[in-house]
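Here the structure is laid out as structure tokens; the discussion comes afterwards.
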Amino acid sequence: MSKINYREDQLPIIQYEGGKMAVPAVPGAGKTFIVTNLVAKLLEENRQGKGKILILTYMNSAVNNFKVRIKKILEDKNIEDKNYYEVMTIHSLAVKIIKEKPEIVMLNEDFNIADDLQKTMILGDCINNFKLNGGEKAFRFFVKEQKDQMWADRQLEAWDKGFYDLVQNTISELKYKDITPQKLNEYMKENRRGILKIILPIYTEYEKKLKANGLLDYDDMLILAHKALSIDEDLKRKYQNKYQYVFEDECQDSNEIQGKIIGLICEEHNNLVRVGDINQSITGTFSSSDPKFFKNFIENSDCCYRMDMSNRSSKDVINLANELVRYVTQNLQTECKDALEDMDIKTVPKNKGYKENPQPEKYQISYKYYETFDEEIENTVKFVRNINKKYPDKSIGILVPYNDHVNLVAKELIKEDLEFEELGPNSLRKRRVIDNIALIIDFILNCDDKEKLIEVLDKVYIKTDNKEGKKDFIQLLRKDHLNVENLLYDDECSKDIIIDTESDLYQSFLYGIQNLKNIIEYPLTRIDKLILFIGDSMTIEKEEIAIVDYLAFYVKYLVAENNSINLQQIYNLLSDRKNRVFSYIIEVVSEINGYEPLPGSITVCNYHKAKGLEWDCVFLLGMTEFNFPDNIYQKFQCDKWYLKEKYKNPEANIKSEIDFVLNGEVNKNYSKEIKENLVKEKIRLLYVGITRAKEMLILSASAKNSSLDKRKQNPSMYLNILKSIIDKKGE
DNA sequence: TGCTTCTTCGTTTTT
DNA sequence: CGAAGAAGCA
């Protein structure tokens, strides 16, 4: 077995023996590689003693990745795998700690974790109940005055949607500040106004419902785990002895309480390695994470080694990323200068046996500015098609700002007959399962509607490669003298349909008819069972079966909450594309497996989802001023158009209100702070986008959202900055 | 070009 | 409702 040839920036890290070590690393530096090898080396030297090595990651998919890779290294090194290491997410660790002694934190032994889906259902219920029980008026108070009824409705709808996230984030913040509903109630007694006033009853009921069902949400898990370790000396000792070494991956996404939990476990042995990249911290504005915690750790650690070499991208792509850092740290307005840490990515030295950076023959970075967003998508897809044809082995990533855009790009790719993968909750393919079930229910509700029957057969059951034949066959079914009755129950009618009865087209038609007959006869007393039954009749993949299961679970919950709910209402829910429960169902199902772009594949996703992935060729769309702002005085996403001027930025209002409740005064201009953080996070999001590319990178923006849209948007300032760099290099 | 009046539209990320 | 672009006018 050959010895691993570590790069010079990796050498000091692999020589680690103990203490607090900080490892800030640039994108593509090989964080997983170095951590897995270091863990294997420590195991080889038996440094864990009587304890174990703990590796904490952020996502479930990363857990598996780490396990597989450590196992492989141990095998290669011929070290017996005695399970002296554990890989888990910080949340699983928290659960493990609480399970140990639930009574310390006043919990019943058989508590459960509320996943995103359950949380959404419960919180959604609480909000609804609040409105139904007299809260509606207070809820509407914050919306702008509007005489035009149509716009009044739209404002309310928008507030409805935004309110959910606001409540969720507020509850999370209150929990971290150790403000229980009871405490808040005490504090708020004299307060008559404010958004907290209407969040309080929702928060109260939410906590009550969680408790009643024996559930903890993600925030509770961390908070209680920390509490348990702080209160119970024995428990803390146990974990300190158990984990002699702790590694934390992606620690730029860590929040204060996670840091504290890890701190307590490491207190005794003090062997802690934290690896991360501050410039890739992109979750701060919607979670309690903040890169400042990692920055702090870097300053207070025993040693800090930077991994600043990356072999992922060509030197041109690296140069572009470095220029962005340079621009931000030197030229941006003072408040946002520290968005990026001044840390140049270096290419790997040549001819030293390291895996080297890709070296494309020519400069492969460009930018485009289009008239409309439609045009931007259309041209991008054409570009993608050409690359895919010319270089069939290259992987291509198309990154867009929003999940809705993923859909738009997907539709265009379908038009061009290109195979692709969508990441995120709007995946057309995954949505289709839900849509198909809705179609069938619609037919059950309207049994005599022939068009609906034909639609179900067409979209759900009839499967064939013979596209033309299918079209003709569907036309045959539309013949006037055939009604639903004939099609379903009259075997003679098939004589009218002149078609090869052995073909897969006809066989799948018969299969569909038979199933629909069974479905119509299925008793309506248990709608959740009906959904499972419908799911069974559709030939679908494993992942899609999981979606059906979740769907049935959701319906069961709905029925339990409201006995009188009928099939029509269920249909209405299923066909509501904005229902956030479905997004979570799809996310929960897809999260189980990690994703890795294969050679020749095309991936569409948003900038956030792209983190941790890499492609040969990357398209960055939507680089407008609105999506990537450079100062806090332009139009901002956190300012809500539908709210009264005073409450325009409700998040800031809430922060002020909490401040006031706790200290009797407001200490900061929170609106300004929120906007600054947003500007900074968007810069890092762009940095993440750029550093996904190995060889080719195309940046683009458009002046208008659609050709009908009259308002223009400026390209992001960063696009202009990058443009000038690209122009110089392109010569 | 600079000013007023008329018309149109209302964008978000998620462990 | 209010911001911002378009159209109208001097």
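So that the names make sense, note that chain A is the first sequence line, chain B the second, and so on, each numbered from 1.
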Distance-minimising heavy-atom pair for A/Ile261 and A/Ala225: CD1-CB, 4.1 Å
Spacing of A/Lys611 atom NZ relative to B/dT15 atom C1', expressed in whole Å: 9 Å
For nucleotides 12-14 of chain B, print each protein N/O atom paired with a nucleotide N/O atom at under 3.5 Å, atom names and distance only.
from, atom 1, to, atom 2, distance (Å)
B/dT12, O4, A/Gln637, O, 2.4
B/dT12, O4, A/Lys640, NZ, 2.0
B/dT14, OP1, A/Asn606, ND2, 2.9
B/dT14, OP2, A/Asn403, ND2, 3.2

Atom pair distance, as rounded to whole Å: CD in A/Gln146 and P in C/dA3: 14 Å
Distance, rounded to the nearest Å, where A/Asn714 contributes CG and C/dA4 contributes P: 12 Å
Pairs where residues 163-172 of chain A contributes a residue and the test salt bridge (Lys or Arg N to Asp or Glu O under 4.0 Å) is met, not counting sequence neighbours: A/Asp165-A/Arg580
A/Phe628 ring center near A/Tyr718 ring center (under 6.0 Å): no
Whole-Å distance separating the CD atom of A/Glu645 from the C1' atom of C/dG2: 9 Å
Whole-Å distance separating the NE2 atom of A/His91 from the P atom of B/dT15: 11 Å
Summary of ring pair (Phe, Tyr, Trp, His ring centres under 6.0 Å) pairs that have at least one residue in residues 279-298 of chain A, sequence neighbours excluded: A/Phe286-A/His608
Sequence neighbours excluded, every pair satisfying side chain to side chain donor-acceptor pair (under 3.5 Å) that has a member inside residues 683-693 of chain A: A/Gln280-A/Arg692
Euclidean distance, atom OH of residue A/Tyr647 to atom P of C/dC1 [Å, nearest integer]: 19 Å
Sugar-phosphate, base or nothing in reach of A/Gln713, heavy atoms under 4.0 Å: base
Listed partners of A/Tyr402 passing ring-ring contact (aromatic ring centres under 6.0 Å, His included), at least two apart: A/His405
Whole-Å gap separating C1' (C/dA3) and NZ (A/Lys144): 8 Å
Atom-to-atom span, CG of A/Asp217 to C1' of B/dT15 - whole angstrom: 13 Å
Residues that A/Glu614 engages under side chain to side chain contact (heavy atoms under 4.5 Å, CB included), provided they are two or more places apart: A/Arg312, A/Lys694
Phosphate OP1/OP2 of C/dC1 contacted by A/Lys147 side-chain N/O (<4.0 Å): yes
Sugar-phosphate only, base, or nothing, as touched by A/Lys635 at under 4.0 Å among non-hydrogen atoms: base
